[in-house]
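Inspection log for the structure reproduced underneath, given as structure tokens.
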Amino acid sequence: KYLKTGVRVNLNYTQSNDVPTQDLYYANPAFAGLQILPWTPFLDENGNFNTNIPENKDSNPLATAAYDDQSEKVWHLQGNMFLDWKPLRQLTLRTTNAVELRWTEGRRYWSLEAHNYATGYPILQTTNTHYRTLTTSNTATWQDVYSDVHNLRVLVGQEATHDFGSQYFIRSQGLNPDIPNHSTGTAGAYEAAYSDVTSTLLSFLGIVDYSYDSRYYVQASARYDGSSKFGKNNQWGFFYALGGSWNLHNEAFAQDWRTWLNMGKVRVSYGVNGNDGIGSYNQYGKYSPASYNGITGMLLSAAANDNLSWEKNKTFNVGIDFGFVNRVTGSIDFYTRKTTDMLLSKNQSYTSGFSAILDNVGSMRNTGIEAQVDVNIIQNKDWSWDLGFNLAHNKTKVLDLGDVDKLTGSFYHIVEGKSLYTFYLRDYYGVNPQNGEALWRTEDGKLSNSVSDARRVYCGSPEPKLTGGINTTLSYKGITLSAVGELKYGNKVLIAENSIFQADGAEMNTNQANSALNYWKKPGDTGCNPKPVANNSTSSMTANSTRFLEDGSYFGIKDVTLSYTLPKNVLKKASLSNVRVYGSAQNLYTFHDVKFWDPERGIDGMGEGVYPVTKTFAVGVEVTF
């Protein structure tokens with residue numbers, strides 16, 4: 001009557017085999033398929049896989065898939081238990097404790113058949129990884145109703161999380177291909193390494209919820225968090241939140257509105273939370289192996305920061321929820337969030353011995369508005385049609401970066417007064433209509449055919465101006481058609497791969513995109529690629545320029561599903577609860593103008609060599625007994 005307890009254990013094992021599908025990597029079949037010339041045979045004259053492919057560094061992805069072992073075995077255990085005790089009707093004491101364990105064995109084998117162009121093959125690389133998380137949560141909750149209209153809940157508690165991970169790494173070469181294990185490798189040609197990492201988070205918290213007569217709601221919370229990831233002077237942070245809402249549709253003056261107003265709620269909140277999403281040891285001075293004058297030792301490789309502390313997010317939100325005539329529901333939210341003490345790598349003078357240090361640097365603001373509307377357009381005995389959409393606008397602005405006005409990167413900068421990520425690239429003008437050379441804008445606004453004279457400009461952000469989605473479901477008796485779409489608008493993407501596949505002759509042995517055929521051919525031609533020149537050395541195809549910066553806006557049809565559910569009277573005779581037959585298509589089509597296969601490039605707008613979003617077609621039957 002007063003005590004409840006429960007245990008849940010989940011154990012699973014997976015074994016996977018794959019090939020590389022990320023980055024500009026020669027064994028990546030998506031990337032290799034672009035690079036390899038169309039007349040290059042994939043088999044040699046003896047019927048074996050051809051590895052004489054200079055345009056892809058003599059790598060044949062078909063041979064890699066057939067002979068290279070890229071496999072992983074994972075054992076995963078998750079377990080938790082809880083204990084509830086109610087010594088009083090209003091009081092609940094609860095403890096929840098959990099453990100997560102993951103063991104992974106990884107194997108990467110580079111075979112002789114797929115890599116016979118180099119000495120030292122075959123090569124074997126294995127990893128053995130252990131990951132462990134322990135968590136505990138202990139709370140006391142008082143909850144009661146007073147005079148039938150006052151609802152009160154008070155919770156106090158403590159939580160802790162401890163993470164630990166370790167990895168063994170072994171690499172050997174010159175293996176016997178008949179016995180591809182480390183024991184058959186070349187003597188003295190072994191590499192081995194071990195690493196481990198740990199972190200702890202300890203928290204104390206309290207929450208108070210109060211509501212009056214299902215009309216007015218107030219919640220306040222506070223927590224005190226300590227993280228081992230921060231410097232010894234600033235490990236603890238205090239965070240809090242306060243929010244309230246008003247159900248105006250439950251007011252007496254709104255009784256006459258209920259014929260058309262089903263719900264009307266106003267919400268407002270303000271809170272401060274913390275972020276410790278960094279590595280475990282950035283606060284310490286770290287050492288790395290080094291060699292000087294033939295003597296090996298340890299060298300200080302990262303500076304200590306005893307003051308490294310929490311990144312703080314201060315968020316204010318105002319929103320309304322509404323519902324009309326039992327057909328229309330939705331919500332509108334406006335928010336502003338100021339992030340202070342951002343955890344960023346800060347450039348510093350080389351006289352310190354280090355080029356950068358992770359520090360709490362400056363502040364940034366996010367402002368945005370989000371809206372969602374769902375409409376029941378048709379609802380009768382046979383027909384039903386629902387339509388919903390959501391739109392969101394978010395804008396970031398870097399407010400302060402401490403004693404610098406920008407943090408530099410290869411392709412984008414973090415700059416005061418601009419979006420968090422802002423592309424900073426060479427300013428490409430276009431083609432010289434007289435001779436087909438690439439032209440660049442210089443610092444004084446003139447034009448030059450030398451890339452070294454090109455000025456660098458801030459030229460847009462990968463941050464979209466608008467994101468959203470649309471969904472609809474149309475049903476007739478047991479037949480249902482549903483669709484989901486996704487929208488992104490106003491963001492820039494840098495298609496760095498096109499510096500290889502529209503190379504103006506610089507990549508003579510590499511396959512080129514058909515868009516490279518649009519090049520300068522005669523005086524007066526504009527709006528095209530520069531004139532291709534064999535072994536072009538002008539760097540006209542550099543990825544670090546506005547030439548390959550494009551509008552990344554797109555609308556994607558993410559899911560279309562057609563299904564049929566059998567009538568209940570038919571199912572009753574077969575003693576079944578439900579039978580549904582369906583066919584679906586995911587990522588069916590994406591509308592975009594990017595000169596590449598996929599406009600989805602990640603938050604930084606780049607994502608080189610990312611495997612494209614794949615179309616999936618499926619049919620199935622769901623049976624419920």
Side-chain angles (χ1 to χ4, degrees), residues 131 133 159-167 193-204 223-240 272-290 292 297-315 337-366 396-422 424 603-604:
Y131 174 77
T133 298
E159 297 175 341
T161 301
H162 179 74
D163 291 309
F164 173 81
S166 65
Q167 183 181 80
Y194 170 80
S195 64
D196 63 47
V197 61
T198 186
S199 64
T200 301
L201 178 68
L202 177 62
S203 306
F204 302 93
R223 59 186 300 131
Y224 193 50
D225 295 320
S227 174
S228 66
K229 296 181 179 181
F230 296 125
K232 60 184 180 181
N233 299 332
N234 282 315
Q235 289 188 318
W236 290 89
F238 176 72
F239 309 105
Y240 61 91
V272 181
N273 63 9
N275 172 36
D276 70 340
I278 57 174
S280 295
Y281 304 125
N282 290 285
Q283 72 277 38
Y284 297 121
K286 290 177 285 189
Y287 288 79
S288 299
Y292 178 74
M298 301 294 287
L299 178 70
L300 189 64
S301 58
N305 187 349
D306 291 339
N307 295 316
L308 189 66
S309 187
W310 290 88
E311 182 178 276
K312 302 177 183 67
N313 296 296
K314 304 172 183 178
T315 304
R337 183 179 69 188
K338 185 177 181 180
T339 301
T340 60
D341 300 322
M342 294 189 297
L343 293 165
L344 296 173
S345 181
K346 177 183 177 182
N347 301 328
Q348 59 182 29
S349 171
Y350 282 97
T351 58
S352 67
F354 310 98
S355 60
I357 186 173
L358 187 69
D359 205 354
N360 297 101
V361 181
S363 60
M364 177 182 69
R365 176 177 288 116
N366 278 266
T396 64
K397 183 178 181 179
V398 178
L399 303 176
D400 177 48
L401 290 174
D403 56 358
V404 298
D405 60 359
K406 63 184 176 183
L407 300 177
T408 61
S410 298
F411 295 96
Y412 47 78
H413 288 179
I414 299 175
V415 187
E416 286 186 1
K418 297 185 179 293
S419 298
L420 177 60
Y421 294 110
T422 301
Y424 187 66
I603 61 173
D604 64 356

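Because the structure is predicted, anything quoted here is derived from the model rather than measured.
- Other residues, nucleotides and ligands place more than 12 heavy atoms under 6.0 Å from the CG atom of Leu300.
- A donor and an acceptor atom, one from each side chain of Asp276 and Ser227, are located under 3.5 Å apart.
- Remark: Tyr412 OH to Leu407 CG distance equals 11.5 Å, nearest 0.5 Å.
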Report the C-alpha distance between Leu420 and Ile414 in whole Å, list the side-chain angles of each, state the deciding distance to 0.1 Å, and finish with yes or no for side-chain contact (heavy atoms from CB on, under 4.5 Å). CA-CA 6 Å; Leu420 177 60; Ile414 299 175; 4.1 Å; yes

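- With contacts defined as side-chain heavy-atom distances shorter than 4.5 Å, the pair Trp236/Leu202 qualifies.
- Legend: side-chain hydrogen bond (donor to acceptor under 3.5 Å, both in side chains) pairs involving residues 279-288, not counting sequence neighbours, sorted by first then second residue: Ser288-Ser301.
- Here the CH2-CZ distance, from Trp310 to Phe239, works out to 5.0 Å after rounding to the nearest 0.5 Å.
- Atom NZ of Lys338 and atom CG of Asn313 lie 12.0 Å apart (nearest 0.5 Å).
- In terms of modelled atom types and a separation under 3.5 Å, the side chain of Lys229 and the main chain of Ile278 share a donor-acceptor contact.
- Judged as a ring-ring contact (aromatic ring centres under 6.0 Å, His included), and not counting sequence neighbours, the contacts of Tyr194 are Tyr168.
- At least one donor-acceptor pair closer than 3.5 Å links the side chain of Glu311 to the backbone N or O of Leu343.
- The CG atom of Asp341 sits 10.0 Å away from the CG atom of Leu308 when rounded to the nearest 0.5 Å.
- Here Asp604 pairs with nothing under the salt bridge (Lys or Arg N to Asp or Glu O under 4.0 Å) rule; sequence neighbours left out.
- Under the rule for a salt bridge (Lys or Arg N to Asp or Glu O under 4.0 Å), Lys406 has no partner lying at least two apart in sequence or in another chain.
- Side-chain rings of Tyr224 and Phe204 stay apart, their centers remaining 6.0 Å or farther from each other.
- Annotation: side chain of Thr133 is in contact with side chain of Thr161 (closest heavy-atom distance under 4.5 Å).
- Of the charged side-chain nitrogens involved, at least one lies within less than 4.0 Å of a carboxylate oxygen, so that Arg223 and Glu159 count as a salt-bridged pair.
- By the side chain to side chain donor-acceptor pair (under 3.5 Å) test, Thr396 is found to be paired with Glu463, residues two or more places apart in sequence or in another chain being considered.
- Evaluation of the salt bridge (Lys or Arg N to Asp or Glu O under 4.0 Å) rule for Arg337 yields no partner, not counting sequence neighbours.
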After noting the C-alpha distance and the side-chain angles of His162 and Leu201, does the key distance pass the side-chain contact (heavy atoms from CB on, under 4.5 Å) rule? CA-CA 7 Å; His162 179 74; Leu201 178 68; over 6 Å; no

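- Residues satisfying the ring-ring contact (aromatic ring centres under 6.0 Å, His included) criterion with Tyr131, sequence neighbours excluded, are absent altogether.
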Checking side-chain contact (heavy atoms from CB on, under 4.5 Å) for the pair Glu416/Leu399: CA distance, chi angles, key distance, verdict? CA-CA 6 Å; Glu416 286 186 1; Leu399 303 176; over 6 Å; no

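- Under the salt bridge (Lys or Arg N to Asp or Glu O under 4.0 Å) criterion, Asp359 pairs with no residue, sequence neighbours left out.
- Side-chain contact between Val197 and Phe164: absent, with no pair of heavy atoms (C-beta onward) separated by less than 4.5 Å.
- Using modelled atom types, one finds no donor on one side chain facing an acceptor on the other under 3.5 Å when comparing Ser363 with Asp400.
- Qualifying side chain to side chain contact (heavy atoms under 4.5 Å, CB included) partners for Ser309, counting only residues two or more places apart in sequence or in other chains: Asn234, Asn360.
- Contact of the Lys397 side chain with the Met364 side chain is not registered, since no non-hydrogen atoms from C-beta on lie closer than 4.5 Å.
- In this structure the side chain of Val398 never reaches within 4.5 angstrom of the side chain of Lys418, judged on heavy atoms.
- Judged as a side chain to side chain donor-acceptor pair (under 3.5 Å), and not counting sequence neighbours, the contacts of Lys346 are Asp403.
- Asp306 meets the side chain to side chain donor-acceptor pair (under 3.5 Å) test with no other residue; sequence neighbours excluded.
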Given side-chain contact (heavy atoms from CB on, under 4.5 Å), test Asp405 with Val415 step by step and report yes or no. CA-CA 6 Å; Asp405 60 359; Val415 187; 5.9 Å; no

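- Residues passing the ring-ring contact (aromatic ring centres under 6.0 Å, His included) test with Tyr424, sequence neighbours excluded: His413, Tyr458.
- Contact between Leu358 and Asn305 at its shortest, heavy atoms only, is O-ND2, 3.1 Å.
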